[in-house]
Amino acid sequence: MAMAVRNILDMKQPGEETKEEPKAIVEVDANDVNPKQQQSAYKWWAEMVVYSIFVLSSQTIGTLLGRLYFSQGGKSKWMATFVQSAGFPILIPFLFLSSSSSSSSTTPATTNPSLRVIAPLYAVLGFFGAGICMMYSVGLMYLPLSTYSLICASQLGFNAVFSFFLNAQNFTPYIVNSLVLLTLSATVLVFGSGEGPANSSHKKYVAGFLSTVAASAGTALQMSLTQLAFHRIFKRKETFRLIVEMLICGSMVGSVVTLVGLLASGEWRGLREEMNGFGLGRVSYVMNLVGTAVAWQVFAVGSLGLIFKVSSLFSNVIAILGLPIPPVMAVFIFKDKMSGVKVISLLLALWGFVSYVYQHYLDDMKAKAEQKEQQSTHVSEAALIQRI
């Protein structure tokens, strides 16, 4: 799977040429702050906050609704998988809105990747995403919520490995500290996991465990490949239109795959009976499925936005930060007990998140210092030329 995507990434675009822009010495006052650069920095941080909120809130809602589906009588794994990608139609209006805004902008046009390149890429990511959603559904069906969160945290370790080899990710002490703390945050939850789905045998528990591990590894690989595709294929400035476009195409493929699985498995025959026997009623059954579909589409927007703006590892860090939230929310929704372990888990997650953000703060300060030094050099060169 990874080799197939890498072969797609290595394909050259038709008419693709390497251009070098002429360099010029511009006289700039080193003490002046560029308003455009400052505005761009504020915009970047604002987008990071919005995308992070999308990931944290929608991941919590989607996980809790998925647990609620199975705990109230839902039995179809294919239906639980289908709704994770079937919410893409809500993104179509944003595709037209972003298209109109981009056409009115003064940004110079760039050559888009050809259809013969992006079509196989979307197909592979869609098929792969459908398999990941299926394995997550099995894990959520058979595992306690705390154990499920614990295993999902392993995707951070997988993503760190894939990011190192595929995305040339650099690891600083603060990033390593963040990875360790966030992993421990979810790991300690296993010591407080006393709740779980009823009638879950040891065989089903093992199946859920292995499925969730495989899904975590697959998610990490998919995120790293998405970042690689953005740099190797979509060689244009990241836009919201590109995010929406990738999500619609990938989710469409995933929805078709899971719908075929739902029909072929025969589980569709029991959906009416499942809806009638749902513990909270028929209306709540439909609202649960619709809410799950919307939540995971919002999560995908936030996750992909963080990948494009920063990296797949940063997107994964935000997702792992939110893993302790569902077990804590389960205290109020499913009447689970609030233990000290869950409080410690949440504090570790916040500590790890702050460590990662602090590293980005240091990188931002370093970049500003280097830019100021370059401006000072340009000013000195311009002054020397005037004297000559």
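These numbers come from a predicted model, not from an experiment.
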[atom1] of [X] to [atom2] of [Y]: how many Å apart, nearest 0.5 Å?
{"X": "Ile92", "Y": "Leu247", "atom1": "CD1", "atom2": "CG", "result": "12.0 Å"}
{"X": "Leu228", "Y": "Met223", "atom1": "CG", "atom2": "CE", "result": "14.0 Å"}
{"X": "Ser211", "Y": "Ile132", "atom1": "OG", "atom2": "CD1", "result": "12.5 Å"}
{"X": "Leu64", "Y": "Ile325", "atom1": "CG", "atom2": "CD1", "result": "9.5 Å"}
{"X": "Met141", "Y": "Thr81", "atom1": "CE", "atom2": "OG1", "result": "10.5 Å"}
{"X": "Ile307", "Y": "Gln222", "atom1": "CD1", "atom2": "CD", "result": "8.0 Å"}

How far apart are the closest heavy atoms of [X] and [Y], and which atoms are they?
{"X": "Leu95", "Y": "Arg241", "value": "O-NH1, 3.3 Å"}
{"X": "Val298", "Y": "Ser58", "value": "C-OG, 3.8 Å"}
{"X": "Ser76", "Y": "Leu271", "value": "CB-CD2, 4.1 Å"}
{"X": "Gly66", "Y": "Thr292", "value": "N-OG1, 4.5 Å"}
{"X": "Thr212", "Y": "Gly139", "value": "OG1-CA, 3.2 Å"}
{"X": "Gly291", "Y": "Leu65", "value": "C-CD1, 3.6 Å"}

Same cluster for [X] and [Y] if Ile/Leu/Val/Met/Phe/Trp/Tyr side chains link at under 4.5 Å?
{"X": "Leu242", "Y": "Trp44", "answer": "yes"}
{"X": "Trp45", "Y": "Tyr51", "answer": "yes"}
{"X": "Leu259", "Y": "Met79", "answer": "yes"}
{"X": "Val253", "Y": "Leu91", "answer": "no"}
{"X": "Val256", "Y": "Trp268", "answer": "no"}

Expected output: side-chain [X] to main-chain [Y] donor-acceptor under 3.5 Å:
{"X": "Ser315", "Y": "Ser303", "value": "yes"}
{"X": "Arg282", "Y": "Asn276", "value": "no"}
{"X": "Glu274", "Y": "Lys75", "value": "yes"}
{"X": "Gln59", "Y": "Phe299", "value": "no"}
{"X": "Glu267", "Y": "Trp78", "value": "yes"}
{"X": "Gln297", "Y": "Ile90", "value": "no"}
{"X": "Gln84", "Y": "Ala80", "value": "yes"}

How about [X] and [Y]: do any of their side-chain heavy atoms sit closer than 4.5 Å?
{"X": "Leu68", "Y": "Leu280", "value": "yes"}
{"X": "Trp296", "Y": "Ser85", "value": "no"}
{"X": "Tyr142", "Y": "Val138", "value": "yes"}
{"X": "Thr258", "Y": "Leu262", "value": "no"}
{"X": "Val83", "Y": "Tyr69", "value": "no"}
{"X": "Tyr122", "Y": "Ile248", "value": "no"}
{"X": "Phe314", "Y": "Met48", "value": "yes"}
{"X": "Lys77", "Y": "Phe82", "value": "no"}

Ring geometry between Phe158 and Phe162 (parallel below 30°, tilted from 30 to 60°, perpendicular above 60°): parallel
Intermediate values then yes/no, side-chain contact (heavy atoms from CB on, under 4.5 Å), Ser312 and Thr226: CA-CA 8 Å; Ser312 62; Thr226 300; over 6 Å; no
ring-ring contact (aromatic ring centres under 6.0 Å, His included) partners for Tyr285, two or more places apart: Phe278
Exceeds 12 heavy-atom contacts within 6.0 angstrom, atom CZ of Phe127: no
Chi angles and distances behind the side-chain contact (heavy atoms from CB on, under 4.5 Å) call for Leu140, Leu143: CA-CA 6 Å; Leu140 197 58; Leu143 292 178; over 6 Å; no
Thr63/Tyr148 under side-chain hydrogen bond (donor to acceptor under 3.5 Å, both in side chains): CA gap, chis, key distance, verdict: CA-CA 10 Å; Thr63 303; Tyr148 174 83; 5.4 Å; no
